Structure formats: C-alpha cells, structure tokens
2 protein chains.
Amino acid sequence: MISSIAELIADRIGTMPAGERRAAQTLIASYPMIGLKTVAEFSAAAGVSSPTILRFVARLGFQNYPEFQSSLQDELAAQLQSPAIRSLNPPSPGGGTVSPMLEATLDNMRETFRHLSDKQLEDIAARLADRRGKTFLIGGRFTDPLARYMAAHLAVVQSDVFHLAGQESMWRDRLIDMGKRDVLVIFDIRRYQDSLVRFAEKAHQRGVQIVLFTDQWLSPIARFARHVIAGRTAVPSAWDSSAALFVVAETLIGAVTRQLEADGARRIREMESLR
Amino acid sequence: MISSIAELIADRIGTMPAGERRAAQTLIASYPMIGLKTVAEFSAAAGVSSPTILRFVARLGFQNYPEFQSSLQDELAAQLQSPAIRSLNPPSPGGGTVSPMLEATLDNMRETFRHLSDKQLEDIAARLADRRGKTFLIGGRFTDPLARYMAAHLAVVQSDVFHLAGQESMWRDRLIDMGKRDVLVIFDIRRYQDSLVRFAEKAHQRGVQIVLFTDQWLSPIARFARHVIAGRTAVPSAWDSSAALFVVAETLIGAVTRQLEADGARRIREMESLR
DNA sequence: GGAGCGCTGTATCGTATGTTACGTATTTTG
DNA sequence: CAAAATACGTAACATACGATACAGCGCTCC
C-alpha cells in the first residue's frame, strides 16, 4: 500500500535512468517543496532539463505536471490538518473509546487557534466591548446553546446584550432594533440553516456588523460577516464537535471582560450586591 | 513584527473592502493551501472574481501572484523543517492573551479526563441510553447552555429527553413526572445555585438517578448524585471555564449515540426525512 | 437629490508555463 | 567493434494562467 508520493518514488527510483533519478533525489531532499514550483525551477535545482522532469512525473503515473502538483498539495493539506503534535500526546495507554475523541478534540482546538491570531480576537473583542451599540447573539439548531453561553457572560459585564431565541418570526422582528453600531454574533455550522442565512443577510443590509462562528467549510453567512471564526469540528463520532468554537467563545468572553475591566469590575460588584 | 502572511492578513483585514475580505477569510480558513492553487481556483472558492484576488494579494504588498505564492511556500517550508514548533501563532512573547488561555484549557481537559475512566463514561452512557426511563437535563446560570446542548443532541437519537428551562417553579412541577427509572443530568459549578441543590435533593428523594457535571470542588449536589463528573475550570481569566465539561458532554453524546446505534441510526434517518 | 469616488466583475491581452517533436549523445548488445 | 536502442537536451509550440483596461454599480458626501 502506497500512500504518499515519497513512498512511490522510493519504490521506483531503482528503475529510473540517471537524469530522472537526480530529479527524484532532488525532490526527496527538500520534499515536497520543489515539486510545488515550476518545471523550470525544478529542473534547474536538479540540474537536468525540463523534459526530464516531465518524464519523471510521467513515470510516477501522473498524466501531467499539474496533476502531480495537486497530488502533492493534497498530501500537504492532509498533513497539516492532523498536526504531528498528536504524537506528543502519548496515545493514552487506556486505548478505550475516550482517547480518540479527546485527542481529536484537542487537535481541533490547536488547529483552530493556529488559524486565529491574537490580533483578530482582540479586534473582535474590541468590537464587542464597544458600548455605543447593542450586541445580539443567535445560533443554529445545535449551536444556539453556545450563543446562550456567550450571551449569559457578556450580559454580566455590559448592558444591551440580547440572545435571540424562540421562533424565527420573533427574531426577525428584532431586526428593526438593529443598526450600524450593533453587532450580531451568529453560530452556524453544517448543515447550515437557511433561516439563519436569510436573517444574516437582512441584518447585513441594515449595516449590522456580523461576527460569525462557523466550521472550516464556512457557512454561506461568511459573505455577510465582518469577522469569521472558522473552527474545526471533525471528531470520530456521529456528530460534529463544537468544542473548538466553545473555547474560542470563552476566550472572547475573557478578552471582552478584560477590555471592559474598569467598567466591568464595577458592574460585576454591583450585580453581586443585588443578589 | 510581522512574520507570516496570516498575520499580515489579520493586520490589514480591517482596511479591506468586502470582496477582498472574503478572499482573506477563505485563505485563512484553509490556510495556506488555497493560496497555492491558481487564481481561478482561489477566486471560485472565495466566490469572487479573479481580479479581486489579484487586488487582494497586491494589497498585501506583493508585486504579483507568483511572488505571493513563493512567499507562502517559503513559509510552509520553514514550518515543515521544524515540526516541533508547529504553532503558527508565535509564542506571543508580548503576553498574547490567547496562548495562556488555550494552554490552560487544554490542560484542564487532559486533567479532567485523567480522572475519568472509560468505564465510568460507558456506564453513564449506558444509563442514558437505557430507554426504560426519561432523561431530564438542567443547568445553572452559566451552565444551562451545556444542558441545552446535550439535550438537543440526545433528543435526536432517543425520545423522552427534556430540557428543564424557565422559572424554578416550572421545573419543580416536573418533579411529578420523575421516578426511579429516570435520569436527571445537572450542570452546576461555582457558585453553586441553591435552587438547583434543592431541586436535586427532591429528585433524589423520588429515586431519580442524578448525573452531575460540576467543578473540581464538587457542588453540594454530589451527595445526591449517582455519577459525578468533576471538570477542571481554572483559566487565566475573570471567568471559570466550562470547556472541559463541554468536551465530556460531547464525549458522552457520542457514546450514547454509539450504544443506540441500531435504533439511533434509524431514528436519525427518519428525522432527516421529516425535515 | 445629485455628483463624485471607490469597489467589483467582464472581457481582452500578453506571457510564462507545460508540452511535444526531433536531433544528438550515450549506453547496451550481438 | 558496430549497430541499435535508449536517454537526454534544444528548440518550437500551444495552452492556460495571470494581468490589465474598462464599464457598471452602489455608496458616501455635499
């Protein structure tokens, strides 16, 4: 079973003529980067001519050079999605059904945050902390609890935080209260909900700033969103995991709280005294 | 100091027009693979035209598209050479707010699961999957969304799943429906809510089996509970983190689904056909 | 309500890139 | 040692790719 081009090369390098062998060795030496460049660059690096490179990829079984490159890219993509860090967490001798799920979840989080810079989060937090507008939150069938969770926390440190619940017609009517200075936080992962998309579009038309939590395939709402947070959701289960998005939400809650520190602290104290 | 294109994008995404922002988001979502493909593919994935992609890379400071691609490749190459330091987000020496939060959360999860055996989880899952009784879920001020999340999923694979919402008096009345064969899942972390404790006690008196999600200091409800899941909640933030509990909940959801596989699969299909 | 600006997509163009044909060099074999 | 077969590079070719000019549209600001 051959699963990577590198193996394929190792398998056939013995049967190759001198020129192609040099190509193979050059590719292996800085695998797979050279293969992503142009034929001319590849040939120059290997010290052979362009046609030799093409004959080389043909011998590997590819119809043409672009096809070869696509294959390399797919390989890279797969590699990047399951970071090698996995090996750093010992395979938890237990073995049971728990480990794979936990491991995948941890990977998802690392991967999600890898695509997320401090600056982005701070920007979004700043937007949420900006007290000139209101904050609305809403989610889909399985993600609405995340919206609630976030709303519950934000509502403690600032006023004008509203979770949109209930029937579609209910929240649609709330559109009238929304304007340019307001923020709408939407959670939407596969399978994306039409009702949410429609709602997002209408809100967008009113100039509302949309912060979208979605999965790596991006909900169609992304096109209306000012900020998009793409979380990894794949786990060995019948369900997708929202855990990564949950952690991003918590991180944001923390960031907003920090930015509102002065005001927020007072607010929290007041609130405590009211209980 | 900007060292990666991802950062560069995060830095300037705020100043970009809508179309280019979509390009940026698409790139970040599957960073950096899309950027290595052709302009046509990139533009199609982002849902914009080719010139918009080119304007996008121009705005990032590149003279032309190939130069942009080379830069991405260099980045990838550097990344591949030091697999240990996979983190795209540099260790944020400036005290980035993200890393410590994420690290703490990941630690919490590992620690939480370290104290949780496969057997325990399977037992709880079996209890929840046992279809002779009903399942009720409820949570506290900040944890109720977790109860909702779990309820939303369980309700798909089995009947008789109820989330207890609204006023305290509302759910207190539901006690009348609860008996020995039923399960009550409660989420309660500091500061523990008296109302929940009272409710748990009454349910316990009726012989209801209680599954408690709490923090490492254990809610007083623990004394009534048949199963206790203690999650770590400490993070460098003003708030406690429920992320570990969330992941346990997802794990349980997965386990229950698996145990109900035969029935559950049919149920899910039926449900799909109803939509 | 009108004028101006900026953003975006369509259509066209030039060119860099992959591809192929062919001639020369090198090795292999009888 | 000769002759054939294979390998390799040069050079011409075609295509697909990136780049650009331009027009339509929406938005903002008078």
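Reminder, nothing fancy here: chain letters follow the sequence lines and each chain counts from 1. Just so we're clear, the structure is a prediction, and the values are computed from it rather than from any experiment.
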5' priority, DNA chain D, between Gly47(A) and Leu54(B) [closest heavy atom]: Gly47(A)
Closest to the side chain of Pro66(B), out of dG9(C), dC8(D), dA19(D), is dA19(D)
So which nucleotide from dT20(D), dG9(D), dT19(C) ends up closest to the side chain of Tyr65(A)? dT19(C)
Do Ser241(B) and Glu250(A) meet the criterion of a side-chain donor-acceptor pair at a distance under 3.5 Å? yes
Whole-Å distance separating the CD atom of Glu20(A) from the P atom of dT6(D): 14 Å
Strictly below 4.0 Å, N to O, side chains only: are Glu201(A) and Arg223(A) in salt-bridge contact? no
I need the CZ-P distance between Phe56(B) and dG6(C), as an integer number of Å. 21 Å
Check the distance between dC17(D)'s P and Phe42(B)'s CZ and give it to me in whole angstrom. 16 Å
Which of dT17(C), dC8(D), dT20(C) is nearest the side chain of Thr38(A)? It is dT17(C)
Taking the six-membered ring for Trp and the single ring otherwise, decide whether the centroids of Phe246(A) and Tyr149(A) are under 6.0 Å apart. yes
Should Ser50(B) be listed as having a side-chain N or O under 4.0 Å from OP1 or OP2 of dC17(D)? no
Between Glu7(B) and Lys119(A), does any NZ, NE, NH1 or NH2 come within less than 4.0 Å of an OD or OE carboxylate oxygen? no
What is the distance, to the nearest angstrom, from the CE atom on Met16(B) to the P atom on dC7(C)? 12 Å
Length of the line joining Gln69(A):CD and dC17(D):P, which is rounded to integer Å: 11 Å
Grab the CG-C1' distance between Asn64(B) and dG18(D) for me, whole Å please. 9 Å
Using a heavy-atom cut-off of under 4.0 Å over every strand shown, decide if Pro51(B) touches base, sugar-phosphate, or nothing. base
I'd like to know if the side chain of Arg21(B) reaches the main chain of Met16(B), judged simply by a donor and an acceptor atom lying under 3.5 Å from each other, with no hydrogens or angles considered. yes
Among the candidates dG18(D), dC8(D), dG9(C), find the nucleotide nearest to the side-chain atoms of Arg55(A). dC8(D)
Listed nucleotide nearest any side-chain atom of Ala18(B), set dG9(C), dT8(C), dA7(D): dT8(C)
Whole angstrom is fine here: how far is it from CZ in Arg21(A) over to C1' in dC8(D)? 14 Å
Rounded to whole Å, the CD1-C1' distance (Ile53(B) to dC7(C)) equals 14 Å
